[in-house]
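Remarks on the structure that follows.
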Amino acid sequence: MKCPKCMRPVDHEAESCYSCGYSEKESAKKFGSNQVVLSRVHDAAHCLRKQEKDVLNSAIDQLELKFPQMLFCAYLGTLPEGLNMSELGFWLLNHGQVKGAEYARPNENAILVILDMNTKQVGISLGYFAESLITEEDSYRALMKARPNLLNGEYGEAIETIFRRLCKVLEKKGKKMRKLSHEELQAQSKALNENTLDLPEHFAPMLGRKRRLRAV
Amino acid sequence: MRPLFTAFSLTLLTAGGFAADIDMPEWGSSSDSEGYALGGGLWPAGLLPDGAPEAEEGEATTAVAETPTNPDGSPLTFYGPLTTTDAGSTAVGNNTGDAGEIVDQPAQAPPVEALPPIEGELRNVYFGYPPVDYLIDPQRLLTEQKSNDIKRFLEFHSDESDFKIYVMVIGETQAIPDDIDLQKIHKEWFSDQNTVLMVYHREHPDLTEFVYNENVRSALPKSVFDRIRQNCLREGAATDLAPDQVEKMAIELSIQLYWLWRLMAAEGAEAKAISEAESVYDLPASADAPELLREYAPSIFLEESSRRAISILITIAVILACLVLVAFVGWIVIWLRGLDRIGGGPLIFPSFEPVTRLGGEFSGGGFVSMSFDINDTSSHSS
């Protein structure tokens, strides 16, 4: 896991980033501590036509039927300079409330696609549960798949492509998990919550430890 | 003194020589040749180069030149190359013309020998009972040495081959009796084994008949047997002498029968497997036999090079087909993978208790982004 602000690795249970000290409190200071209401396709930038929005909504309906736990939502906006998309995603998932989302679809199961029309960037923010199912590589591939549509200005189709691609990943993941036993699933979830840092390996301390072990 | 003595001596010797009267023979005189005969009188007059005038005059030893006869008085049969003089006497080699010059006469037709028709006892000898020998020549129309050679060859062939060959020799003026059916005779004699009966007319190979078993006849088309006959007749026509003709035709027939047997084996149902398993090309064959097989059984006589070319073509075709199939399957897989079609029933994931991070209740800040600005090359940040 990485800090939304400085992109440094963060511990799973860390209350704040070890590098920059960023936390939810800091984001609340920046964006506000109140709850905001979002629609599933929140077009703050007004770049989607009604027809595109309808098509996208019907596609999301289909996907939600297939995955009753998952929450699919999109935010299209023109972000001011200095506003980080990852920070916005972090804040929206923790402070946003999607209209029409059932109790079975909490924000931790959300897949939020954010489009910044100002910087021409697209991003995917994931809740805790979605994060455990979708890797960064899968997310990046989904974005790459939608790149042609984005370049052509077909934002509705691009968002739909991203969601469909991620659903393929979820489908594969679900098929794999069906084959696992209960114990294996418990072990997997425990592994996800382990208190480990995604730090790169450092060879020097390892060598030192080996030497020490040999000395002992 | 000495020169005078020498001249005197020479004069005396010369005078003695002239005085002596020696009788010398006169070669040009015809009166002294009456009692002289070339060869001491042992050669027939007809064989002498200059004997014709003497024979006409009847002054030479004509008794020696008479036609040789058998001890019983019948004329001796001679089957070699014969020429005939104008006077009707048989001669070998050159003959004298009317003007007394030696003239090369062109080879003339052999004398028609008065052979008896095949009837009565002779007919019984030919067709009365199955032959015990592979060469049926009761009239001894072939020379003894050649007959033995041909018999030995036919015996050897019969030991080695599934087809047996019987050669029946009759005279050129003789004919098979009308009431004799060779096919019927063949069936009576050789019904239990594959046999070819070759009826040869002396020095007339074109009249030769070949009689096969009925099952052999029915197994292959008529053109096959016509081809065999043609090849045998061609071999027979290569020489003029009857024994040589029989020998050559028998050898050619033996070769052709070998290939006929191969052809029959190839025509059968089992033989297709045999022909595929065996290699025909390693076997020795006459130049004509392969043509025969090539015409009627091309599948067993493919050239090695053409077979290799065909196998290469088939291999290339199979490889291409496999590549096309793999490409097609790959394209289908890619197409299916490209489809973001989500089907089937709802998928429920097992829930677990997440551990919060950075104080976030629902999200810990997991984020992936990409730029879709056409001028921006840095696309990935997380």
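Predicted model, so just to flag it, every value in this text is computed and none were measured. Side chains included, hydrogens not; waters and symmetry mates left out as well; all remaining heavy atoms used. First the proteins, then the strands, lettered A, B, ... as listed; each starts at 1.
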Does any non-hydrogen side-chain atom of [Y] lie less than 4.5 Å from one of [X]?
| X | Y | answer |
| --- | --- | --- |
| A/Ser125 | B/Phe367 | yes |
| A/Met177 | B/Pro350 | yes |
| A/Glu24 | B/Leu358 | no |
| B/Arg357 | A/Glu131 | yes |
| B/Met370 | A/Gln121 | no |
| B/Phe362 | A/Asn109 | no |

Looking at [X], I'd like to know if its [atom1] atom is crowded, meaning that more than 12 non-hydrogen atoms belonging to other residues, nucleotides or ligands lie closer than 6.0 Å.
| X | atom1 | result |
| --- | --- | --- |
| A/Lys30 | NZ | yes |
| A/Gln51 | CD | no |
| B/Arg217 | CZ | yes |
| B/Glu188 | CD | yes |
| A/Arg141 | CZ | no |

Checked A/Leu151, A/Leu150, A/Val113, A/Leu112 vs chain B; the most non-hydrogen pairs under 4.5 Å come from A/Leu150
Smallest separation among heavy atoms of [X] and [Y], with atom names:
| X | Y | answer |
| --- | --- | --- |
| A/Pro68 | B/Leu347 | CD-O, 3.5 Å |
| A/Leu126 | B/Ser363 | O-OG, 3.1 Å |
| A/Pro4 | B/Gly365 | CG-CA, 3.7 Å |

Hey, what do you get for CE (A/Met117) to CZ (B/Phe372), rounding to the nearest 0.5 Å? 5.0 Å
Measuring from atom OG of B/Ser369 to atom CG of A/Asp116, what distance do you get when rounded to the nearest 0.5 angstrom? 10.5 Å
Is chain B contacted by the side chain of [X], its backbone, both, or neither, given a heavy-atom distance below 4.5 Å?
| X | value |
| --- | --- |
| A/Leu170 | both |
| A/Leu65 | backbone |
| A/Glu15 | both |

Please work out which of the three classes, parallel, tilted or perpendicular, describes the rings of A/Phe67 and B/Phe349, given edges at 30° and 60°. parallel
Using atom types as modelled and distance alone, determine if a side-chain donor or acceptor of A/Lys2 lies under 3.5 Å from a backbone N or O of B/Gly366. no
